[in-house]
Amino acid sequence: MNNHIVRTYGEELDQLSAEVMLMGGLAEAQVADAVEAVARRDVALAQSVIERDRKLDELERDVERKCIRLIALRQPMAADLRKTVAAMKIATSLERTGDLAKNIAKRSLVIAEAEPMSPLTRSIERMGKLVSSRLRDVLDAYKSGKLDMAMAVWSSDTEVDEHYNALFRELLTYMMGDPRTISACTHILFMAKNLERIGDHATNMAEHIHYEITGEDYVDDRPKMSTL
């Protein structure tokens, strides 16, 4: 009987991790599709990203309920408690990542109606690919339990900031050169800021993984440069 209880408990923890990974896959797809919608001026794809956000919201609530139930009924300790808490925190970051992707998709609908600004949308596409790779790496670190992989994501946050600052300067040049582009450039600036925030969430997840594996908060100052 005891073995059955322990096995069921372990299955609950594994299911929790699997659901977080499902959220991760959906969030990663949302970011990639939102950026692609910008690059291709694809209205249907942007609308799909907006509609699919509800699924991430539902999964985040489900993970939270399961974590609370597991803590209340199982009273996990040590590594099991850390695994439960990390799952809940990572799920929250993934839900917010989905919200940011939805915001990018919404703004892409406005951009699709304006004159094409290919150099700027290509810059968004490059930044989007960088952020997507950070998200993919941190999810791989969570799945495999590899601390060094998580810390590599944590250490590379400045690359995202550099892309954001470069794009900010590029946008200023466009707006000063042609005031008619100000509205569209403002939307692109907010898209870039959303991508920068997704990069921050990837860094947050790396810290949660560090806590889950080591039992210690990561207290070093983030290698973050100031953004414009």
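Treat the numbers as computed from the prediction; the structure is a model and nothing was measured.
- Between atom CE of residue Met175 and atom CZ of residue Arg180 there is a gap of 15.0 Å, rounded to the nearest 0.5 Å.
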Pair Arg65, Asp62 - check salt bridge (Lys or Arg N to Asp or Glu O under 4.0 Å), show working.
CA-CA 5 Å; Arg65 281 194 297 268; Asp62 191 49; 3.5 Å; yes

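- A distance-only check finds no donor-acceptor pair linking the side chain of His201 to the backbone of Leu94 [under 3.5 Å].
- Taking both residues in full, the closest heavy atoms of Ser108 and Ala46 are given as OG-CB, 3.3 Å, listed atom of the first, atom of the second, then distance.
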Assess the residue pair Ile213 and Tyr142 against the criterion (side chain to side chain contact (heavy atoms under 4.5 Å, CB included)); give the C-alpha distance rounded to whole Å, side-chain angles, the decisive distance to 0.1 Å, and a yes or no.
CA-CA 10 Å; Ile213 295 171; Tyr142 176 69; over 6 Å; no

Residue pair Val35, Val131: steps toward the side chain to side chain contact (heavy atoms under 4.5 Å, CB included) verdict
CA-CA 10 Å; Val35 171; Val131 168; over 6 Å; no

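- Salt-bridge annotation for Glu196 and Lys193: present, with a side-chain N of the basic residue lying under 4.0 Å from a carboxylate O of the acidic one.
- Minimum heavy-atom separation, Val138 to Ala206: CG2-N, 3.6 Å.
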Pair Val38-Glu125, side chain to side chain contact (heavy atoms under 4.5 Å, CB included): steps then yes or no
CA-CA 8 Å; Val38 176; Glu125 193 173 8; over 6 Å; no

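- The OG atom of Ser132 sits 11.0 Å away from the CE atom of Met127 when rounded to the nearest 0.5 Å.
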What's the verdict on side chain to side chain contact (heavy atoms under 4.5 Å, CB included) for Asp53 and Gln30, showing C-alpha distance, side-chain angles and the deciding distance?
CA-CA 8 Å; Asp53 183 62; Gln30 288 285 81; 4.2 Å; yes

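- Looking at Ser155, its side chain never comes within 3.5 Å of a backbone N or O of Ala152 through a donor-acceptor pair.
- Residue Lys83 comes nearest to Ser17 through the heavy atom pair CE-OG, 3.1 Å, listed as atom of the first residue, atom of the second, then distance.
- Rounding to the nearest 0.5 angstrom, the gap separating the OG1 atom in Thr97 from the CG atom in Leu195 is 10.5 Å.
- Salt bridge present: Asp200 and Arg197 bring a charged side-chain N and a carboxylate O closer than 4.0 Å.
- Taking CE from Met23 and CD from Glu58, the interatomic distance works out to 11.0 Å, rounded to the nearest 0.5 Å.
- Residue Leu172 holds its CG atom at 10.0 Å from CD1 of Ile182, rounded to the nearest 0.5 Å.
- Note that CE of Met149 and NZ of Lys143 are 11.5 Å apart. Values are rounded to the nearest 0.5 Å.
- Here the closest heavy-atom approach between residue Gly199 and residue Asp157 is recorded as O-OD1, 3.7 Å.
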Using salt bridge (Lys or Arg N to Asp or Glu O under 4.0 Å), reason through Arg40 and Asp33 one step at a time and then give a plain yes or no.
CA-CA 10 Å; Arg40 287 173 24 196; Asp33 286 350; over 6 Å; no

Walk me through it: do Glu159 and Arg134 pass the test salt bridge (Lys or Arg N to Asp or Glu O under 4.0 Å)?
CA-CA 10 Å; Glu159 289 183 57; Arg134 297 291 178 270; 3.0 Å; yes

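- Counting heavy atoms from C-beta outward, Thr84 and Met88 have side chains that stay 4.5 Å or more apart.
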Give the intermediate values and the outcome of salt bridge (Lys or Arg N to Asp or Glu O under 4.0 Å) for residues Asp57 and Arg54.
CA-CA 5 Å; Asp57 294 342; Arg54 288 194 296 269; over 6 Å; no

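- Residues Ser123 and Arg126 bring a donor and an acceptor atom of their side chains to less than 3.5 Å of each other.
- A donor-acceptor pair is defined here as one N or O able to donate and one able to accept, closer than 3.5 Å; no such pair exists between the side chain of Ser93 and the backbone of Ile90.
- Counted within 6.0 Å of CZ on Arg41, heavy atoms from surrounding residues, nucleotides or ligands total more than 12; the atom is thus considered enclosed.
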